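One-based numbering, in listed order, for ligands and for the atoms of each. Each residue takes its place number in the sequence, starting with 1. Note that the structure is predicted; figures quoted are calculated from it, not measured.
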Amino acid sequence: MEESVENLQGVLDDIASAAGEAGRAPGDIDLVAVSKTHDAAHIRPVLRAGHRLFGENRVQEAAGKWPGLREEFPDVRLHLIGPLQTNKVRQALALFDVIETMDRPKLAREIAKEAEKTGRMPDCFIQVNTGAESQKAGVIPEEVDAFIASCREEYGLPVRGLMCIPPVEEEPSLHFALLREIAQRNGLAELSMGMSSDYRVAIAFGATLVRVGTAIFGARTPYPAD
Ligand SMILES: *Cc1c(COP(=O)(O)O)cnc(C)c1O
């Protein structure tokens, strides 16, 4: 068996046990397999094993591999989990079912405009910069309630939930708790939080989506720009 398929099963087992410990049903947590930097040949075994939910960071990279994979596996669901530039919105909406990284009015406006033109509306998550880190994307916590309201009222976007990436040096649970609190007061059901190193913690704090790359596909070669 491919190592990635064994890893996938291990992560699914872990999700089930973390859910059990938290008194939650395993089926309430979806696994987004993060396949960024990996080519189609490396992703295919995980698809063959029956997994259908994937995440990618870059529009251009996803455009190179997912249209082909979708022909083989039409029921794939693809989440964009990296920053989206407004000039790539059209291409992103053609490729992705869910945009997890909505974080500014200009982007919300562009997504709404493009969705109206094409009739294809993605589910949207708002990325919250819970650590208010200057180099990181996302809406800062003080501004998120107003942004959620404007996405709903001004742009008519289907906001499903929130997403965060905690600061690397900090205890993630504080950030997960903050994200959950923001979601609760805004009536949002979905929480995308938790990566390879902390998805069990995220599940204890209510994650409904965990985004796991390394623990499934192995170590990545960093992007040249990183
Ligand atoms: C790369 C990435 C992940 C997956 O990270 P791992 O540590 O490899 O599990 C999750 N979320 C986002 C936003 C990412 O960019």
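The pair E61-K65 meets the salt-bridge criterion, with a side-chain N (NZ, NE, NH1 or NH2) lying under 4.0 Å from an Asp/Glu carboxylate O.
Side-chain atoms of E2 and S4 include no donor-acceptor pair closer than 3.5 Å. Between S192 and E100, the side chains place a donor N or O and an acceptor N or O closer than 3.5 Å (distance only, hydrogens not considered).
Protein neighbours of ligand 1 below 4.0 Å, counting non-hydrogen atoms: V34, K36, N57, I81, M163, I165, M195, S196, R211, V212, G213, T214, R220.
No more than 12 heavy atoms of other residues, nucleotides or ligands lie within 6.0 Å of CZ in R90, so this atom counts as exposed by the packing criterion.
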Verify ring-ring contact (aromatic ring centres under 6.0 Å, His included) between F96 and W66, making sure each step is shown before the conclusion. CA-CA 9 Å; F96 291 94; W66 281 100; 9.0 Å; no
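When the salt bridge (Lys or Arg N to Asp or Glu O under 4.0 Å) test is applied to R180, no partner is found at least two apart in sequence or on another chain.
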